[in-house]
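Notes to accompany the following structure.
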Protein chains: 2
Amino acid sequence: MKNSNFDYMNCSLAQTLSVIGEHWSLLIIRDVFMGLRRFSEFQKDLGIAKNILSERLKRLVAEGILEKTKGEAGFSEYRLTEKGLALQPVLLSMTHWGDQYKPAKKGKRLVFVDRASGKPIQRMAVRSHDGRKLHAKEVKAKRGSGYASERLDVPLAE
Amino acid sequence: MKNSNFDYMNCSLAQTLSVIGEHWSLLIIRDVFMGLRRFSEFQKDLGIAKNILSERLKRLVAEGILEKTKGEAGFSEYRLTEKGLALQPVLLSMTHWGDQYKPAKKGKRLVFVDRASGKPIQRMAVRSHDGRKLHAKEVKAKRGSGYASERLDVPLAE
DNA sequence: CAGTATCCTACGTGATACTG
DNA sequence: CAGTATCACGTAGGATACTG
């Protein structure tokens, strides 16, 4: 790839990929969602080289997805910002897809529950304005005001 | 990375990343969602090298995400299988995040609508069993029956 | 503990030429 | 049109040693 990011593409998906679409970033973010906070925890959990981890954390902080603070014990800690927390639908959509199409033999590896009720959350789904679940083929894309390229104007999943 | 995939990790997210977590795959899938079907269309739209595109398409077909058929004109066509269509929540979650945090100057690049009503779909959101939208911090992870590693057992976004 | 600094290797990628 | 076959390159990534 020319410059290893997709900024030049006028596409929100590509924009997102330029930030998190790289081998380690999403896994680090997942770890933070799972409650890991410290450099050594990420390193142990992921088996990632320290120089790479250092670089990735720096990048995620620079992107405003993580924030670095000093923990009680005086060690550095990384936590999700709101921008980072907003990635949860992405993580859960991917996890649900993996649950369905790349399942573990014995059942789901993780179950996500509503902290208040303890009941599992719904599967991530696309919903119409009035809340009905939509199948992929019921959705189509239209140009928005920010649409800038000469990309083919074809309906989504026609 | 040792083997460029994450199969060794007991994690549905990592499983999903091993299939689509690579620079071009998701963008190809997006193109198919947008209605592109042919090798030359992908190549032109993405500016990807032909050998790479060939390899990626082969992989996506092998994974059961795309299926290759002969179109009317005798040319090869690629279409999404149900497994591929099931990735729509992933794509839309990423797109919505990009819309919010990496916006185009003039507004949304694409708007996704319910084909029947023409009205925009809802933003992708995590929902409780009874349909309430949940904030990231209201969700926590619990071990499922397929949980197999000695990973730290920490709550999600505690 | 939480990194930084090097070195080295392998793989993803791009460019180009060729084929059925 | 839809690929395949090579080659050449850059950089992400791993390993290791070192530091505040």
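Chain identifiers are assigned alphabetically (A, B, ...) following the order of the sequence lines, protein sequences preceding nucleic acid strands; residue numbering begins at 1 within each chain.
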Would you kindly give the [atom1]-to-[atom2] distance between [X] and [N], to the nearest whole Å?
{"X": "B:His23", "N": "C:dG12", "atom1": "NE2", "atom2": "P", "answer": "10 Å"}
{"X": "A:Lys44", "N": "C:dC1", "atom1": "NZ", "atom2": "P", "answer": "10 Å"}
{"X": "A:Glu77", "N": "C:dC1", "atom1": "CD", "atom2": "P", "answer": "14 Å"}

Between [X] and [N], is there a side-chain N or O to OP1/OP2 distance below 4.0 Å?
{"X": "A:Ser40", "N": "C:dA2", "value": "yes"}
{"X": "A:Lys68", "N": "C:dG3", "value": "yes"}
{"X": "A:Ser76", "N": "C:dA2", "value": "no"}

May I ask you to decide whether [X] forms a salt bridge with [Y], counting only side-chain N to carboxylate O separations under 4.0 Å?
{"X": "A:Arg59", "Y": "A:Glu22", "answer": "no"}
{"X": "B:Arg30", "Y": "B:Asp45", "answer": "yes"}
{"X": "B:Arg123", "Y": "B:Asp99", "answer": "no"}
{"X": "B:Lys83", "Y": "B:Glu67", "answer": "no"}

So what does [X] touch, heavy atoms closer than 4.0 Å: a base, only the sugar-phosphate, or nothing?
{"X": "A:Phe42", "result": "nothing"}
{"X": "A:Gln43", "result": "nothing"}
{"X": "A:Lys70", "result": "nothing"}
{"X": "B:Lys58", "result": "sugar-phosphate"}
{"X": "A:Glu55", "result": "nothing"}

5′-ward residue of the pair B:Arg56/A:Asn51 relative to DNA chain C: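 Its nearest nucleotide lies further toward 5', so the answer is A:Asn51.
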
